[in-house]
Amino acid sequence: MKSAFPIKLSLTILAGCMLSAGAIGAQTPANDPATLARIRDSAMNEDWAYARLADLTDLVGPRLSGSAGAAAAVEQVAAAMRKIGAKVTLQPVKVPHWVRGAETAELVVYAGRPAGITQKVVLTALGGSGATPAAGLTAPVIVVRDFDELKARAAQVKGAIVLFDVAFDQEMAERGHAGPAYGRGSNVRVNGPKVAAEMGAAAALVRSVGGADYRIAHTGVTGLVDGARIPAAAVTAEDAMLITRLSARGPVKMHLTLTPQTLPDADSFNVIADLPGGDKADEVVIVSGHLDSWDLATGAHDDGTGVAAAMAVIDTLNKLNLKPRRTIRVIAWMNEENGTQGGKGYFEANKDKVERHFAAIESDSGGGRPFGVIGSVRPSVVKYFAPLQKALEPIGASMFDRRDVTGAADTGPLERAGVPVFMPLVDSSSYFSYHHTPADTLDKVNPLELKRHVAVMTGLTWYLANMDESIGRTPKRDD
């Protein structure tokens, strides 16, 4: 997952600042307090989203783009949405097809090594990694802590295995700043192997980007490109610290075997499910999550919860027999993890219809407890959401966190074109303990928090789909 938590943001957090409906003018009947309460309560009493999440994780499993799992997930989600009466479209998209192979490593030379002893290193290949020879390679290891140190040691890099030993700041994550903590680490993971390759390194390793140090490696995408795909892997925090300690004693050599393959791009799809609107049917409110996952586990938090909650928006409204004014469009994006081709493909197909997109919601921050909503709207618009905040107050989700930019991945092209983007504001303090690891499984998802997630997503989607007030556009950006 690309960081859903931008580091440099201009934000205003409005918590518990409830304005009466009368203070902002009359609301449409569809957005009256009673209807919003019915949506909230219905979501909190339904297990439909959890059942869909169980189907996705337990029956399909890992869903890396180009894989059989990704293809099966497309069919499963499309069938589930057709079953509840949504108008389903499969939008074709070409996606990267990378597969991992063997991945082993051991330290074969280090000061004080007893005869006949080697040290196993636990690691996993990073997305886009190149391959070693089938028999592996043996090379000296140099440890660096940032790009400045890497450049200062350029003479030692050529032919070496470079380890970027950059620790994830779990304390920062536990205090509500998981995004910036992840941003620092993911910058090293994405750019470190690429820079090392440009400097002639034989391979690159990064310390896993995540908390809960139980000797579990966290995978993720890299910036490696064709023609310069050196072997690249994430090592566990414990093994990174071991290598750093041994390097302080003297020279270290590693035998590394990674045999992934980068195959030709594959055919896949975004799953699009529409609930047609009424008098404003030509305007669209997107609610979405990404369908693909990394291949190490079943992607329960990343991003099964997001997809299941988005799907449940239409199910919840149908069960209440509620018909929106604007068309509600559920999208299960393909290929967020290692290319965002789904989001890019949707934008290209709809760039002449951007003005018809009233708003877009993306959930890709895991299934932790939601505290409210993040929105890239102008400051003057925040007051219009007070009735929604009031409706979500009983489940502890009444915050409105206004930002200039949400930084969402698949809806990013729409946001850069001026479409206001929203995300659930969730507790991510433990998210990066499971993120991109074999531990991201269904048992880690709290069913109650998923219900709250559905309540927030459905309430927000319905509210946007029925607003009389214009929330305008956000400033267009080129970045």
Side-chain angles (χ1 to χ4, degrees), residues 1-7 53 56-57 61-65 100 122-128 166-190 206-222 233-238 240 289-309 333 335-340 362-370 407-410 423-446 449-450 453:
M1 179 192 85
K2 293 183 181 178
S3 176
F5 312 89
I7 299 172
L53 178 61
L56 192 61
T57 57
R63 307 174 298 281
L64 189 60
S65 65
R100 73 177 64 249
V122 178
L123 49 64
T124 191
L126 292 170
V166 179
F168 179 79
D169 194 336
Q170 180 60 27
E171 183 177 356
M172 193 175 186
E174 290 170 355
R175 282 157 177 75
H177 303 289
Y182 178 72
R184 178 176 180 240
S186 64
N187 177 52
V188 174
R189 188 198 68 220
V190 171
V206 299
R207 179 166 169 166
S208 285
V209 185
D213 296 336
Y214 294 111
R215 214 176 182 200
I216 298 177
H218 300 235
T219 192
V221 74
T222 68
V235 301
T236 69
E238 293 88 344
H290 69 82
L291 189 52
D292 61 309
S293 77
W294 280 105
D295 55 327
L296 297 182
T298 59
H301 277 284
D302 186 18
D303 183 34
T305 53
V307 169
W333 307 103
N335 183 233
E336 187 276 342
E337 294 293 1
N338 60 339
T340 62
E362 180 173 344
S363 176
D364 187 17
S365 302
R369 176 179 168 176
D410 287 303
M423 303 189 302
L425 175 62
V426 300
D427 175 10
S428 300
S429 59
S430 63
Y431 176 56
F432 292 105
S433 297
Y434 312 121
H435 179 258
H436 294 184
T437 76
D440 188 7
T441 49
L442 180 64
D443 54 287
K444 308 305 189 307
V445 176
N446 183 323
E449 301 309 344
L450 183 56
H453 207 98

ask   = Atom OG in Ser433, atom NE2 in His301: separation rounded to 0.5 Å?
value = 9.5 Å
ask   = Got Leu53 and Leu442 here, is their nearest side-chain heavy-atom distance under 4.5 Å?
value = yes
query = How about Leu56 and Arg63: do any of their side-chain heavy atoms sit closer than 4.5 Å?
reply = yes
request  = Decide yes or no for Thr219 and Leu126: does some side-chain heavy atom of the first lie under 4.5 Å from some side-chain heavy atom of the second?
outcome  = yes
request  = Kindly compute the distance separating CG (Asp302) from OG (Ser293), expressed to the nearest 0.5 Å.
outcome  = 7.5 Å
task = Would you mind reporting whether Asn338 and Leu64 have side-chain heavy atoms less than 4.5 Å apart?
result = yes
message = Is any side-chain heavy atom of Tyr182 closer than 4.5 Å to one of Arg189?
response = yes
key: Side-chain (Thr236) to main-chain (Ala217) donor-acceptor, under 3.5 angstrom   = no
ask   = Between Arg100 and Asp295, is there a side-chain N and carboxylate O pair less than 4.0 Å apart?
value = yes
key: Side-chain touch Val190/Asn187, heavy atoms, less than 4.5 angstrom   = no
query = Where does the angle between the aromatic ring planes of Phe168 and Phe432 fall among parallel (under 30°), tilted (30 to 60°) and perpendicular (over 60°)?
reply = tilted
ask   = Atom CG in Leu450, atom CZ in Arg369: separation rounded to 0.5 Å?
value = 15.0 Å
message = I'd like to know whether His290 forms a side-chain hydrogen bond (donor to acceptor under 3.5 Å, both in side chains) with Asn335, so could you lay out the CA-CA distance, the side-chain angles of the two residues, the decisive distance to 0.1 Å, and finally the verdict.
response = CA-CA 7 Å; His290 69 82; Asn335 183 233; over 6 Å; no
query = Taking the side chain as C-beta and beyond, is there a heavy-atom pair between Ser208 and Val235 under 4.5 Å?
reply = no
request  = Provide the closest heavy-atom pair for Ser428 versus Ser365 in the form atom of the first, atom of the second, distance.
outcome  = OG-O, 3.7 Å
key: Within-4.5 Å side-chain heavy-atom neighbours: Pro438 and Ile216   = yes
ask   = Would a distance-only check, ignoring hydrogens and angles, find a side-chain to backbone donor-acceptor pair under 3.5 Å from Thr222 to Gly127?
value = yes
message = Between His453 and Thr305, does the side-chain hydrogen bond (donor to acceptor under 3.5 Å, both in side chains) criterion hold? Intermediate values first, please.
response = CA-CA 8 Å; His453 207 98; Thr305 53; 5.4 Å; no
key: Main-chain N/O of Asp410 paired with Glu336 side-chain donor or acceptor, under 3.5 Å   = no
inquiry  = Please check: side-chain N/O of Glu174 versus main-chain N/O of Asp169, any donor-acceptor pairing under 3.5 Å?
reply    = no
task = Please confirm whether the backbone N or O of His218 pairs with a side-chain atom of His435, one donor and one acceptor, at under 3.5 Å?
result = no
message = By the definition side chain to side chain contact (heavy atoms under 4.5 Å, CB included), identify the one residue from Asp440, Val221, Thr437 that meets it with Trp294.
response = Val221
